[in-house]
Amino acid sequence: MESVRIMNTGSLLEMQRRLRAAGHESLRSSVQRRIRRAAEPLRNDLQSAIRGLDIRSPGRTRPGGPSPTTRPLRATIADAIRISVRTTSSGAGARVWIDKGLLPPDLRRMPDVINTGRIRHPVFGNRRRWATQTATPLWWTNTVRRHQSRMSAEVERVLDDVRQRLS
């Protein structure tokens with residue numbers, strides 16, 4: 001799974017340079033705010049997708065016991081989804097990503113694993129007994145695809161508005 005970037009780096013970089021040169025700091029911050037707003041529906045939809053993701057077990061032969069952990073898996077991952085807006089030459093645009101630093105060490109690979117649709121883990125920490133659970137595959141990828149054209153169009157609209165104000 002990879003982070004999502006809304007980019008038109010050449011146009012964004014050139015526009016940011018022109019705004020700095022012309023001393024339009026308020027316009028520049030407005031552009032950043034509008035680009036962030038273009039990415040917010042994607043972040044919210046990704047959070048909803050992971051929170052509502054159905055993770056299933058094929059069935060049990062014996063009744064299960066209480067969970068050995070108190071942290072909710074899907075909510076923990078949803079809370080780690082972030083947006084960052086950059087206007088530097090090294091990747092201008094908006095980026096939607098999972099901040100793995102906010103996840104507990106044992107869950108850092110879990111967003112990638114869940115995205116594959118197959119979760120294999122030890123039963124209650126017992127490394128001699130493993131379980132396989134299934135989830136809807138490509139929850140991240142499919143959600144991003146649904147939003148990509150809307151986000152690109154919004155960024156183009158922002159760039160066009162700024163070009164009109166500068167000319």
Side-chain angles (χ1 to χ4, degrees), residues 1-19 27-59 69 71-121 130-165:
M1 183 170 44
E2 56 195 55
S3 62
V4 182
R5 292 183 181 177
I6 308 169
M7 293 174 48
N8 186 349
T9 55
S11 298
L12 280 173
L13 288 174
E14 181 59 31
M15 182 195 59
Q16 292 293 344
R17 284 187 196 115
R18 289 176 61 190
L19 288 174
L27 187 56
R28 196 168 76 86
S29 63
S30 170
V31 167
Q32 289 177 327
R33 186 173 45 255
R34 287 178 65 188
I35 291 173
R36 176 177 292 278
R37 282 193 191 140
E40 283 174 355
L42 171 61
R43 183 204 51 208
N44 296 341
D45 209 9
L46 284 168
Q47 287 175 333
S48 295
I50 189 65
R51 282 190 175 109
L53 192 66
D54 188 25
I55 299 176
R56 287 179 243 172
S57 296
T69 178
R71 67 177 182 247
L73 171 68
R74 291 169 277 215
T76 302
I77 293 171
D79 292 340
I81 298 175
R82 296 281 182 251
I83 299 173
S84 61
V85 178
R86 289 183 169 179
T87 57
T88 62
S89 60
S90 62
R95 181 176 169 222
V96 179
W97 53 291
I98 294 180
D99 186 354
K100 293 186 179 178
L102 295 176
L103 296 175
D106 59 331
L107 294 182
R108 293 209 171 124
R109 287 189 54 241
M110 193 54 70
D112 298 322
V113 171
I114 292 175
N115 199 46
T116 66
R118 184 172 177 262
I119 307 158
R120 191 158 157 71
H121 61 88
W130 288 74
T132 300
Q133 292 179 293
T134 58
T136 306
L138 304 175
W139 67 273
W140 177 273
T141 310
N142 292 338
T143 305
V144 167
R145 281 187 191 136
R146 283 195 309 267
H147 285 268
Q148 226 161 6
S149 61
R150 180 199 54 79
M151 290 178 356
S152 297
E154 181 63 27
V155 170
E156 278 300 318
R157 194 171 317 125
V158 169
L159 291 173
D160 290 342
D161 290 350
V162 172
R163 282 186 198 112
Q164 286 177 354
R165 285 187 67 182

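Atom set for the values below is all heavy atoms of this structure, side chains included, hydrogens, waters and symmetry mates excluded.
Asp99 pairs by the side-chain contact (heavy atoms from CB on, under 4.5 Å) definition with Arg82, Trp97, Leu102, not counting sequence neighbours. Under the side-chain hydrogen bond (donor to acceptor under 3.5 Å, both in side chains) criterion, Arg157 pairs with Glu154, not counting sequence neighbours. Applying the side-chain hydrogen bond (donor to acceptor under 3.5 Å, both in side chains) rule to Gln47 yields no partners; only residues at least two apart in sequence or on another chain are considered.
Note that OG1 of Thr134 is 13.5 Å distant from CZ of Arg120, once rounded to the nearest 0.5 Å. To the nearest 0.5 Å, the span separating CG on Leu53 from OG on Ser48 amounts to 12.0 Å. Annotation: the span from Asn115 atom CG to Leu138 atom CG amounts to 5.5 Å, rounded to 0.5 Å. We find the OG1-CD distance between Thr143 and Gln148 to be 11.5 Å, quoted to the nearest 0.5 Å. Once rounded to the nearest 0.5 Å, the distance linking CG of Leu107 with CG of Leu73 reads 6.0 Å. Here the CD1-CD1 distance, from Ile81 to Ile50, works out to 7.0 Å after rounding to the nearest 0.5 Å.
Looking at every heavy atom in both residues, Arg150 comes nearest to Pro41 through NH2-CB, 3.6 Å. Closest approach of Ala78 to Arg51, counting heavy atoms only: CB-CZ, 3.6 Å. Contact detail for Ser57 and Gln133: the closest heavy-atom pair is OG-NE2, 3.0 Å. Nearest heavy atom pair, residue Trp139 against residue Leu46, reads CZ3-O, 3.7 Å.
Arg108 places a side-chain N or O within donor-acceptor distance of the main-chain N or O of Leu103, the cut-off being under 3.5 Å. Between the side chain of Thr116 and the main chain of Val113, a donor-acceptor pair closer than 3.5 Å is present.
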* **side-chain contact (heavy atoms from CB on, under 4.5 Å) assessment of His121 paired with Asp106** => CA-CA 11 Å; His121 61 88; Asp106 59 331; over 6 Å; no

* Step by step, would you call Thr136 with Asn142 a side-chain contact (heavy atoms from CB on, under 4.5 Å)? -> CA-CA 10 Å; Thr136 306; Asn142 292 338; 5.9 Å; no

* Test log, rule side-chain contact (heavy atoms from CB on, under 4.5 Å), inputs Arg33 and Val85 -> CA-CA 9 Å; Arg33 186 173 45 255; Val85 178; over 6 Å; no

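A salt bridge is defined here as a Lys NZ or Arg NE, NH1 or NH2 lying under 4.0 Å from an Asp or Glu carboxylate O, and Arg74 with Asp54 fails to meet this definition.
Atom CZ of Arg146 has more than 12 neighbouring heavy atoms from other residues, nucleotides or ligands inside a 6.0 Å radius.
Put simply, the side chain of Val158 does not reach to within 4.5 Å of the side chain of Arg37, judged on heavy atoms. The side-chain heavy atoms of Glu40 and Val96, taken from C-beta on, include no pair separated by under 4.5 Å.
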